[in-house]
Amino acid sequence: MTAIRTAATLVLMRDGSGAIEVLLLQRPDRGSFAGGWVFPGGKVEPVDAVSDDAELTARNAAVRETAEETGLIAEPESLVPLSHWSPPVQLDTKFLTWFFVAEAPDGEIVPQPSEVVDHLWIRPADALKRHGAGGLRLFPPTWVTLDTLMAYPTVESALAGLRQHELRVYATKQDSARGLAIWEGDEGYEADAPDTEEGPRHRLHVGSLPWRFEHR
């Protein structure tokens, strides 16, 4: 079995009018996220490696990839771990991906032409609204991250709140027939588990727009 490679993503935040804004990048019409809007990030490379420290290695990769793609340079120690994602088996290209958040450093965004065709600063709620109307192509990890960040009105409150949380772990199972992404904690996570109306939920409905998150 081929080992799944590791990747790292950095969610850069800044204070906006009444809510935080995050930086989203649009990928070219090729590759595993073709045409999608994502946070800066990419594959962990040997230069990022710190022996026996997977998180620090991922921090280094997140900082390096963000600098390469945007010209913005964050300090590794400023990153706050947010989540760790494992892909569903159905994906052809798979990565185990760390998500970090940080306040955006000062500087002008200089997009890497081969990796970024457009970029924008946007409030999480506005990004989800545009996605629901078919205006922004998002993928489940980006969607869930945006949904998580809607709870925080400022960068300071986001960093403080997220530091108090344990790392969110999303080992994704895809139910294409019902248009669902399902995570542990959902009663339908195990293949032979029942799926009742009253049972616990940790799933994202992705079969049609707008997507809908269930967590109870």
Side-chain angles (χ1 to χ4, degrees), residues 1-11 22 27 31-39 41-44 52-59 61-62 79-101 124-125 127-128 131-132 134 136-152 158 161-216:
M1 179 181 294
T2 303
I4 301 177
R5 292 199 63 178
T6 301
T9 291
L10 179 52
V11 184
V22 298
R27 296 301 189 200
S32 55
F33 299 105
W37 288 84
V38 300
F39 304 112
K43 294 178 289 188
V44 169
D52 299 325
D53 195 328
E55 181 182 318
L56 184 52
T57 295
R59 284 174 182 267
L79 277 56
V80 175
L82 172 63
S83 57
H84 186 274
W85 293 78
S86 301
V89 297
Q90 293 93 333
L91 291 186
D92 293 329
T93 303
K94 300 180 180 68
F95 293 99
L96 301 172
T97 306
W98 291 78
F99 273 61
F100 299 93
V101 297
L128 294 179
H131 172 262
L136 288 179
R137 186 182 186 197
L138 301 177
F139 296 88
T142 308
W143 195 102
V144 171
T145 301
L146 291 166
D147 184 74
T148 299
L149 294 177
M150 283 200 302
Y152 302 104
L162 295 172
R163 284 192 183 101
Q164 296 176 10
H165 281 276
E166 293 184 357
L167 186 74
R168 294 166 168 83
V169 177
Y170 296 90
T172 308
K173 292 189 176 181
Q174 184 174 311
D175 185 338
S176 300
R178 294 188 294 164
L180 297 175
I182 305 176
W183 300 287
E184 190 171 8
D186 191 290
E187 70 170 357
Y189 186 73
E190 300 301 334
D192 58 350
D195 195 4
T196 67
E197 290 296 326
E198 298 79 20
R201 292 286 190 268
H202 194 197
R203 61 178 64 177
L204 182 63
H205 295 257
V206 298
S208 61
L209 297 175
W211 291 358
R212 180 169 57 89
F213 190 48
E214 272 193 283
H215 185 59
R216 66 169 191 260

For Val22 and Phe39, run side-chain contact (heavy atoms from CB on, under 4.5 Å): C-alpha distance rounded to whole Å, both residues' side-chain angles, the deciding distance at 0.1 Å, then the answer.
-> CA-CA 8 Å; Val22 298; Phe39 304 112; 4.1 Å; yes
Nearest heavy-atom neighbours spanning Ala61 and Ala8 = CB-CB, 4.0 Å
Kindly indicate whether the side chain of [X], heavy atoms from C-beta on, has any atom under 4.5 Å from the side chain of [Y].
X: His215; Y: His202; answer: yes
X: Leu180; Y: Gln174; answer: no
X: Pro141; Y: Tyr170; answer: no
X: Pro87; Y: Leu96; answer: yes
X: Leu162; Y: Arg168; answer: yes
X: His131; Y: Leu209; answer: yes

Should the pair Trp143 and Trp211 be assigned to parallel (<30°), tilted (30 to 60°) or perpendicular (>60°) ring geometry?
-> tilted
Plane angle bin for Trp85 and Phe99 - parallel if under 30°, tilted between 30 and 60°, otherwise perpendicular | tilted
Test log, rule side-chain contact (heavy atoms from CB on, under 4.5 Å), inputs Val38 and Thr9 | CA-CA 9 Å; Val38 300; Thr9 291; over 6 Å; no
Give the intermediate values and the outcome of side-chain contact (heavy atoms from CB on, under 4.5 Å) for residues Leu146 and Val11.
-> CA-CA 10 Å; Leu146 291 166; Val11 184; over 6 Å; no
Under 3.5 Å, is there a donor-acceptor pair between the Trp183 and Thr172 side chains?
-> yes
CD (Glu184) with more than 12 external heavy atoms under 6.0 Å = no
Set of residues satisfying ring-ring contact (aromatic ring centres under 6.0 Å, His included) with respect to Phe95, sequence neighbours excluded | none
